[in-house]
2 protein chains.
Amino acid sequence: MSSTKDLILDSAQALAQSRGFNAFSYADIAEELDIRKASVHYHFPSKLDLETELLDRYRKNFIAEMATIESSTKGSTRQLQSYIQLYSNTLKCNKICLAGMMASDVGALPDHLSHSLSAFFKEQTDWLAKVMSVGKSNGELNFTGSAKSEANVFLSALQGGLLIANATGDETGFKRLKTSLLAQLI
Amino acid sequence: MSSTKDLILDSAQALAQSRGFNAFSYADIAEELDIRKASVHYHFPSKLDLETELLDRYRKNFIAEMATIESSTKGSTRQLQSYIQLYSNTLKCNKICLAGMMASDVGALPDHLSHSLSAFFKEQTDWLAKVMSVGKSNGELNFTGSAKSEANVFLSALQGGLLIANATGDETGFKRLKTSLLAQLI
DNA sequence: GTCTATAGGTGGATAGAC
DNA sequence: GTCTATCCACCTATAGAC
């Protein structure tokens, strides 16, 4: 049984990932959950509070997902595949990454949010670089640049690919992108 | 001497590329140009009209840029470098691609705009695939997948890389990304 | 083509009862 | 913790003078 606060976050996240954070209102959330706007304000006094908690939760969830992959999936290639799957799942729901969405409005964000956003991308890149580094050490992966640089390309392509695939409705294009990204590391 | 209409488009584009389309108003444009809101409405009755013309102009400009590159720059590698430079210039102004920004709000866009957005990404991918195809034919470039697939990875990485670099303020990361993208094709 | 003035609506936010 | 009621600022948009 989810708390109202969690349900609000779920609703807001779904709206943000498909429309953008500035394209929905408290009224949309209230309607979806069949509660009143004032109740939403009780849990999140300002919309900035909501946005902040949304990104915090998103970061934590992603970190947890990465930890799960690391502990339950063997092999660098398969770990990267599992990571990619997180993005495929998002695309299936006609959504993009919450952080990717917020990044497109970065010029309008207060400092603490842009810092949190920065941290998200660093967390992702660091984890990917670690996995790639291990894979190169044991001979499973093969690439020429630094792991950090490869991780940056990998994440960038996933973020951009998700954005484009979602805008064009081209799921097969995203499928090919996933294949290419892995092929380049083997 | 630019017309008022062009100045409005310029102002709106700059605002959209740094803040997002839903994070600025006619009042912002009017203030920047020192005119009244009603004058903006004279040229663009609704904000949707503004958004539509903005994307149309952006597409045309990009097509013109690509044509210029094709006619004035010799060699596939150098043509791709020139293309990449378009994105570097955007990053220098702390902006992202207008289409990338709009793509993050695609769930809130009317059909005609999402179709135009789709067309933009197709135009970019097609041009890149053509350049890559030529480069492969004459031995200048070397890659294993299809040109279309490589073009998709290339564009995705640039779009995502721009988004991330702009959000993190990491210009050097974007520089390395550019190098990696080209290295993968040689 | 640009202005003043204003309508009409929505969005974020608060007060206070229950 | 949720509700009703309401405020106020801002936003899109229009009417009509110049």
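To find a chain, count down the sequence lines: A is the first, B the second, and so on, and within it residues start at 1.
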**Request:** Take atom CD of A:Glu31 and atom P of C:dT10, then tell me their distance rounded to the nearest Å.
**Result:** 12 Å
**Prompt:** What do the steps show when you test B:Asp170 against B:Ile164 for side-chain contact (heavy atoms from CB on, under 4.5 Å), and what is the final call?
**Reply:** CA-CA 8 Å; B:Asp170 181 14; B:Ile164 294 171; over 6 Å; no
**Message:** Measure CZ/A:Arg36 against P/C:dG12 and give the value in whole Å, please.
**Reply:** 17 Å
**Request:** Give me the residues of residues 2-20 of chain A where at least one heavy atom lies under 4.0 Å from an atom of DNA chain C, by number, or none.
**Result:** none
**Prompt:** For A:Lys136, does the NZ atom sit with more than 12 other heavy atoms under 6.0 Å from it, leaving out its own atoms?
**Reply:** yes
**Prompt:** Can A:Lys92 be said to sit on top of A:Tyr87's aromatic six-ring, NZ or CZ under 6.0 Å from centre and within 45° of the ring axis?
**Reply:** no
**Request:** Would you mind reading off the distance between B:His43 atom NE2 and C:dT2 atom C1', rounded to a whole angstrom?
**Result:** 8 Å
**Request:** Using the side-chain hydrogen bond (donor to acceptor under 3.5 Å, both in side chains) rule, collect all pairs that involve residues 177-186 of chain B, keeping only residues at least two apart or in two chains.
**Result:** A:Ser149-B:Ser180, A:Gln184-B:Gln184, B:Ser88-B:Lys178
Between the protein and nucleotides 10-14 of chain D, which nitrogen or oxygen pairs are less than 3.5 angstrom apart?
{"unit_1": "D:dT12", "atom_1": "OP1", "unit_2": "B:Lys47", "atom_2": "NZ", "d": "3.1"}
{"unit_1": "D:dT12", "atom_1": "OP2", "unit_2": "B:Tyr26", "atom_2": "N", "d": "3.2"}
{"unit_1": "D:dA13", "atom_1": "OP2", "unit_2": "B:Lys47", "atom_2": "N", "d": "2.7"}
{"unit_1": "D:dA13", "atom_1": "N7", "unit_2": "B:His41", "atom_2": "NE2", "d": "3.0"}

**Prompt:** ring pair (Phe, Tyr, Trp, His ring centres under 6.0 Å) with B:His41: which residues, sequence neighbours excluded?
**Reply:** B:Tyr26
**Fill in**
For residues 121-170 of chain B, the ring-ring contact (aromatic ring centres under 6.0 Å, His included) pairs (sequence neighbours left out) are B:Tyr83-B:Trp127
**Request:** Please lay out, stage by stage, how A:Leu86 and A:Phe62 fare under the test side-chain contact (heavy atoms from CB on, under 4.5 Å).
**Result:** CA-CA 9 Å; A:Leu86 299 175; A:Phe62 244 96; 3.9 Å; yes
**Request:** Name all residues meeting the side-chain contact (heavy atoms from CB on, under 4.5 Å) criterion together with B:Asn142; count only those two or more places apart in sequence or in a different chain, and write none if there are none.
**Result:** none
